[in-house]
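Below is one structure, written out as structure tokens; the observations come after it.
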There are 2 protein chains.
Amino acid sequence: MQDAPTRPYHHGDLRRTVIETAMGMLQEDKGWQFTLREVARRAGVSQAAPYKHFPDKAALLSEMALIGFDRLHEALARVKPRRPKSLRDEFFAVAQTYVRFGTSNPALYRLMFSGNAGSAADVHLSERALAAFGVLIELLERGQADGVLRKRDVRGQAAACWAQMHGITMLSIDGLFLSEKVGPDPLDTALVALLEGLEN
Amino acid sequence: MQDAPTRPYHHGDLRRTVIETAMGMLQEDKGWQFTLREVARRAGVSQAAPYKHFPDKAALLSEMALIGFDRLHEALARVKPRRPKSLRDEFFAVAQTYVRFGTSNPALYRLMFSGNAGSAADVHLSERALAAFGVLIELLERGQADGVLRKRDVRGQAAACWAQMHGITMLSIDGLFLSEKVGPDPLDTALVALLEGLEN
DNA sequence: ACCTGAACACCGTTCAAGT
DNA sequence: ACCTGAACACCGTTCAAGT
């Protein structure tokens with residue numbers, strides 16, 4: 001990804017390059033504390049160049065958080081196309097996918113919920129976050145229609161699930177959700193407890 | 001809190017002063033991005049002075065996270081001494097106290113779970129976090145003894161509760177857990193769903 | 001024993017100037 | 001239209017030197 005397509009030297013689509021470089025750096029350590037100068041360095045441009053494409057660092061972080069939510073959304077949406085197994089199985093599959101997304105992209109996941117991606121893009125951000133949320137809603141609605149789940153406000157149930165998955169993910173990233181500390185199979189236990197509270 | 005007790009000028013117990021000043025700054029905005037130099041400035045000492053009491057900024061952050069967990073622990077422990085109401089009421093009271101602690105100290109709460117308070121004090125950190133966790137365990141054990149809750153591994157149940165409360169708290173801080181976005185009374189719905197999954 | 005002043009190597013950001 | 005060089009105001013951290 002360095003200079004394959006005969007870099008036009010004096011430009012090329014920086015912006016995309018900046019985002020990709022920064023996203024790559026996110027995977028390197030579990031913090032999202034990369035520096036803009038380092039991004040520029042790796043992209044082979046001057047430190048001032050990124051400012052032609054992003055008003056400031058926060059804007060870049062925002063954009064990256066957006067991408068993160070889109071990827072999460074995709075990952076969750078991809079879970080559905082399985083055989084029409086039981087809703088319970090599907091619920092577990094979605095939850096496991098969610099948690100795995102976070103634990104395998106800890107820095108990105110943290111960034112998404114760090115609050116540092118706020119400001120101007122706030123609206124877009126929660127829009128995209130709620131899109132991922134929509135997968136949950138859809139799942140729970142089906143569960144209610146099938147009579148497997150109690151008929152309560154779906155958004156409330158979805159919020160309960162989201163909070164549970166988010167909590168598990170965050171605590172896992174922090175290393176506070178390991179079986180030595182918190183008992184065997186905490187993920188399963190937590191999900192079962194919640195699911196049984198939603199079921200008829 | 002400025003110079004009441006005739007500041008000995010050339011010393012005094014900085015360390016405590018540094019911690020207190022920094023804790024105060026945490027309340028000012030919802031991020032924990034204060035600078036060490038600013039802390040020194042407000043404490044009226046040179047920028048180098050704090051380094052005589054903390055090896056580096058991370059060490060100060062660690063210490064502050066510890067204090068945060070202790071305060072959370074206290075807050076949760078204080079909930080108990082009420083009339084022997086129903087377990088359900090007590091459960092709700094604990095959960096609400098937890099969430100309120102986070103939402104009224106957003107920067108501190110974020111710092112506690114930011115991962116930036118790690119390194120050397122890691123062990124102490126999770127020790128203190130698990131102490132707060134103990135309050136939950138104790139509550140659930142009583143619930144099991146009373147026959148109100150299912151007899152399953154208590155630590156697993158406690159982990160489920162913790163994840164739920166942590167998730168609700170984080171999403172609330174991020175402004176993603178408001179009723180306009182997620183349905184009416186999300187906190188109640190989420191807690192009821194979880195509790196009913198734990199109950200007999 | 002505790003603190004300061006000055007320095008080093010870094011940041012984020014800006015802006016005139018280059019191609 | 002897009003990028004660079006040099007600068008500004010800031011950090012975290014160190015270390016000889018002060019009291």
Side-chain angles (χ1 to χ4, degrees), chain A residues 2-3 5-23 25-26 28-29 31-65 107 111 114-121, chain B residues 2-3 5-23 25-26 28-29 31-65 107 111 114-121:
Chain A
Q2 189 67 275
D3 41 42
T6 316
R7 278 274 204 85
Y9 246 96
H10 257 237
H11 52 295
D13 62 346
L14 227 143
R15 191 182 166 82
R16 195 203 313 274
T17 304
V18 165
I19 293 177
E20 277 170 9
T21 308
M23 291 295 273
M25 262 182 277
L26 270 196
E28 286 177 20
D29 59 333
W32 49 271
Q33 308 299 352
F34 64 85
T35 102
L36 209 47
R37 280 172 114 114
E38 174 69 16
V39 174
R41 244 171 257 134
R42 297 206 193 185
V45 293
S46 85
Q47 73 227 203
Y51 286 90
K52 298 299 154 190
H53 301 273
F54 303 92
D56 52 23
K57 188 181 180 181
L60 173 58
L61 292 177
S62 254
E63 187 96 15
M64 294 171 74
L111 169 61
S114 71
N116 285 63
S119 74
Chain B
Q2 189 69 273
D3 40 43
T6 317
R7 279 275 204 86
Y9 247 97
H10 256 238
H11 53 294
D13 61 347
L14 227 145
R15 190 180 168 83
R16 196 203 314 274
T17 305
V18 166
I19 292 176
E20 277 170 8
T21 308
M23 291 293 274
M25 261 181 277
L26 271 196
E28 286 177 19
D29 58 333
W32 49 269
Q33 309 299 352
F34 64 85
T35 103
L36 209 45
R37 280 171 115 114
E38 175 69 15
V39 174
R41 244 172 257 133
R42 297 207 193 186
V45 294
S46 85
Q47 73 228 201
Y51 285 89
K52 298 299 155 189
H53 300 273
F54 302 93
D56 53 22
K57 189 181 179 181
L60 173 59
L61 292 177
S62 254
E63 187 96 15
M64 294 170 75
L111 170 61
S114 70
N116 286 62
S119 73

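Chain A is the first sequence line, chain B the second, and so forth, proteins listed ahead of strands; every chain is numbered from 1. All values below were derived from every heavy atom in this structure, side-chain atoms included, with hydrogens, water molecules and symmetry-related copies excluded.
The side chain to side chain contact (heavy atoms under 4.5 Å, CB included) check on B/Ala107 picks up B/Leu26, with sequence neighbours excluded. A/Arg37 pairs by the salt bridge (charged side-chain N to carboxylate O under 4.0 Å, His left out) definition with nothing, not counting sequence neighbours. Residues satisfying the salt bridge (charged side-chain N to carboxylate O under 4.0 Å, His left out) test with A/Arg41, not counting sequence neighbours, are A/Glu38.
Within the structure, side-chain hydrogen bond (donor to acceptor under 3.5 Å, both in side chains) pairs that include any residue of residues 49-58 of chain B do not occur (at least two apart or interchain).
Put simply, the side chain of B/Gln47 does not reach to within 4.5 Å of the side chain of B/Leu36, judged on heavy atoms. In this structure the side chain of B/Leu61 never reaches within 4.5 angstrom of the side chain of B/Phe54, judged on heavy atoms.
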A correct dot-bracket answer for DNA chain C, with pairs being Watson-Crick or G-U at under 3.5 Å, [ ] for crossing pairs and | for inter-strand pairs, is ||.|||||...|||||.||

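At least one side-chain nitrogen or oxygen of A/His53 sits closer than 4.0 Å to the OP1 or OP2 atom of D/dC3.
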Side chain to side chain contact (heavy atoms under 4.5 Å, CB included) evaluation trace for B/Glu20 with B/Met23: CA-CA 5 Å; B/Glu20 277 170 8; B/Met23 291 293 274; 5.6 Å; no

What string of B, S and - do you get for nucleotides 5-13 of chain D 5' to 3' if you count protein non-hydrogen atoms under 4.0 Å? BBB---BBB

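The CG atom of A/Leu14 sits 13 Å away from the C1' atom of D/dA1 (whole-angstrom rounding).
Looking only at distances, a side-chain donor or acceptor of B/Ser114 sits under 3.5 Å from a matching main-chain atom of B/Leu111.
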